[in-house]
Amino acid sequence: MSADKVLRRAMLTAPKEINFDEITLEAPAADEVLVKISACAICTWEKRAYTGADQRFYPLLGGHEISGVVEAIGESAGYGLEVGDRVSVSGLTRCGKCYSCRRGRDNRCDNTWQAGGMKKGDPIGPGGLATYKMAKAYQVFKVADDADLVEVSLTEPLACVIRSIKKSQVEVGDYVAIAGGGVMGILHLILAKRRGATVILFEPDEGRRKFALEIGADHVIDPTEVDIAESVMEITDKRGAQAFFDAVGKVPILESGINALGKGGRLHVYARVYPKGEPISIDPNLFHDKEIVLSGTMSQNREDYLQAAEMISRKAIDLSPIISATFPLDQLTEAFEASTKLENYRIVVTM
Ligand SMILES: [Zn+2]
Ligand SMILES: [Zn+2]
């Protein structure tokens with residue numbers, strides 16, 4: 001490649017403050033692939049950094065839901081890849097060598113930051129809100145030539161929910177309860193329906209409840225009006241749900257979720273719970289008497305990511321209903337503002 005490509009990137013530097021800078025790119029190292037970014041969706045992490053709810057990472061090179069086109073390939077990075085291929089890029093870096101990676105939990109790699117090749121003092125982050133992404137070859141997943149690159153940018157959230165659904169072992173004929181009708185709740189709804197479950201979704205916002213019904217929820221309920229556990233018991237003929245997903249991250253929801261479970265039911269902590277460290281109370285006899293299971297997931301491993309990329313690539317799933325709007329990179333502030341609005345699902349930045 002010509003040596004003078006300039007990467008323009010956005011950095012979150014303080015609440016509601018975005019700076020852009022430019023760096024000159026070198027040719028990819030042997031194990032790297034340079035991707036010209038087409039689209040990057042805004043997720044909760046970046047949103048919290050933008051609003052100031054999470055101020056730990058300034059200056060943050062946000063943007064981990066990335067799609068694009070291969071621009072250049074390092075000499076040992078090209079397994080099945082060619083310049084011009086459409087790709088999904090996983091923002092998560094994994095060392096592949098640590099105990100977690102070797103035990104199949106590369107989503108929880110022990111060296112994830114170091115594996116990203118970041119040096120002390122560098123701004124951190126996956127850097128998808130930019131014109132290019134220099135990725136390690138293992139982060140790059142080829143998709144079909146006619147794949148919609150805006151939809152492909154949603155590979156990462158889909159992969160996270162694939163992991164969640166797999167771990168919770170949702171089966172045909174299950175009752176599945178989901179707390180939260182945002183992007184993550186809706187993705188759980190779509191995949192649980194695909195697995196043959198009947199879905200009960202709890203969401204306080206009327207517009208979001210209506211949307212969940214359109215997407216295929218069997219029951220939508222306002223949790224501020226009724227008791228979550230009682231309504232699940234009523235719908236399930238007092239048997240309880242086989243799985244309950246918390247896509248909100250609140251202790252009272254988790255405690256209701258426990259009481260909404262039937263025998264062998266699984267309570268899945270999908271969303272991070274704030275404030276951190278707050279305990280949930282649970283009668284331990286429920287593990288014994290009802291054989292319930294508590295579980296949770298974070299991020300996705302490379303198998304989950306590949307499965308998500310293939311689903312989108314083959315159009316086995318339609319994610320267009322949850323893409324509320326696209327904004328060009330120059331209107332990043334407008335994009336972030338839109339992402340904080342309750343009526344919007346994913347906001348995608350296009351380059
Ligand atoms: Zn995400
Ligand atoms: Zn590792």
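Atoms within each ligand, like the ligands themselves, are counted from 1 in listed order.
Side-chain atoms of R209 come within 3.5 Å of backbone atoms of E203 as a donor-acceptor pair (strictly under, hydrogens ignored). No side-chain donor-acceptor contact under 3.5 Å links R86 to the backbone of V69.
For E65, the N, O or S atom with the smallest separation from the Zn ion (ligand 1) is OE2.
Vertex the Zn ion (ligand 2); arms to C109 atom SG and C95 atom SG; angle 100° (nearest 10°). Between SG of C43 and OE1 of E156, the angle at the Zn ion (ligand 1) works out to 160°, rounded to 10 degrees.
Below 30°, between 30° and 60°, or above 60°: for F141 and Y305 the angle between ring planes is between 30° and 60°, a tilted geometry. Relative ring orientation between F57 and W45 is described as perpendicular, the plane-to-plane angle rising above 60° on a 0-90° scale split at 30° and 60°.
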